[in-house]
Amino acid sequence: MLTAEQHEQLRGWFAGRLPDGLFEGPAEITVDREEITVVGRVPEPRVAKDASDAERAAAVEGRIQEFRERTREERVGVAREAEHRFRRKVSWGVRCGDEQALFTHVSAPVMTRLRQPERQVLDTLVAGGVARSRSDALAWCVRLVQRNADDWLDELRASLEQVRRVRAQGPDGPDA
């Protein structure tokens, strides 16, 4: 895990190293133990005011593909430098309108031990066609938690705060 200062240095390095005009505004940099993900906004394509949703979606898809192909050489050069410097793979993505696309990204194996009731949940997702394998089912579960994380984590933080207050009132609390 990076310290706050290391994360700031990494973001600063990318801000200085990315070619001017590559993205509209600063790129969003996300880091974990294996990967640095760089996501920037690209301009939306111009379509007719009366364009259908399908036409708009196709235009956005085309813009994303055009950006990916046009900037490949530049992005690969930056990635090579960053991978050497920060010892992590670099992945790229863009936002165009309401769409986000990741081009290449690390799919890191994660070891876990699950008891039978937990494995049964994964097996049910596989049997129901939600996932192709236990690995896919686990990734599906993580995405579900991620989608609901803000609400759930807010509830968890409130619960932890309540526990802290109750502990503080106990015999070992600061008032003791």
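Owing to the predicted nature of the structure, the values given are computational and were not obtained by experimental measurement.
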Rounded to the nearest 0.5 angstrom, the NZ-OG1 distance for Lys89 and Thr37 is 13.0 Å

### Message
Given 3.5 Å as the limit, does a donor-acceptor pair link the side chain of Thr104 with the main chain of Ser91, or not?
### Response
no

The complete set of ring pair (Phe, Tyr, Trp, His ring centres under 6.0 Å) pairs with one or both residues in residues 54-78, sequence neighbours excluded, reads Phe23-Phe67

Residue pairs meeting salt bridge (Lys or Arg N to Asp or Glu O under 4.0 Å), one or both in residues 4-16, sequence neighbours left out, come to none

When rounded to the nearest 0.5 Å, the distance separating CD of Gln120 from CZ of Arg115 is 13.5 Å

- request: Count the heavy atoms belonging to other residues, nucleotides or ligands that lie under 6.0 Å from CG of Asp98, then report whether that count exceeds 12.
  value: no

Here the gap from Arg164 atom CZ to Arg157 atom CZ, rounded to the nearest 0.5 Å, amounts to 15.0 Å

Original post:
Taking the side chain from Glu155 and the backbone from Trp152, do they hold a donor-acceptor pair closer than 3.5 Å?
Top reply: no

CD of Gln162 to CZ of Arg167, rounded to nearest 0.5 Å, is 11.5 Å

State whether the side chain of Glu83 and the backbone N or O of Val90 hold a donor-acceptor pair below 3.5 Å, judged by distance alone.
-> yes

Sorted by chain and residue number, the side chain to side chain donor-acceptor pair (under 3.5 Å) partners of Gln116 (sequence neighbours excluded) come out as none

Taken to the nearest 0.5 Å, the spacing of Arg85 CZ from Ile36 CD1 works out to 10.5 Å

One should read off an interatomic distance between Arg113 CZ and Arg119 CZ, to the nearest 0.5 angstrom, of 11.5 Å

Can any side-chain N or O of Arg75 pair as donor or acceptor with the backbone N or O of Arg68 at less than 3.5 Å? yes

The remaining residues in the hydrophobic cluster of Leu122, counting side-chain heavy-atom contacts under 4.5 Å among Ile, Leu, Val, Met, Phe, Trp and Tyr, are Leu114, Leu138

All heavy atoms of Arg95 vs all of Glu28, minimum pair found to be NH1-OE1, 3.1 Å

Cut-off 3.5 Å, no hydrogens considered: what does the side-chain donor-acceptor table look like for residues 55-62, sequence neighbours left out?
| residue | atom | partner | partner atom | Å |
| --- | --- | --- | --- | --- |
| Arg56 | NH2 | Lys49 | O | 3.0 |

message = For Thr3, is there any backbone N or O sitting under 3.5 Å from a side-chain donor or acceptor partner on Gln6?
response = yes

_Would you say CZ of Arg87 has more than 12 non-hydrogen atoms from neighbouring residues, nucleotides or ligands within 6.0 angstrom?_
no

Residues 123-148 vs salt bridge (Lys or Arg N to Asp or Glu O under 4.0 Å), sequence neighbours excluded, gives Asp123-Arg134, Arg132-Asp136

hydrophobic_cluster_shared for Leu144 and Val130, side chain cutoff 4.5 Å
yes

For Leu18 and Trp92 the tightest heavy-atom approach is CD2-CH2, 3.6 Å

In one Ile/Leu/Val/Met/Phe/Trp/Tyr side-chain cluster, 4.5 Å: Phe86, Val31: yes

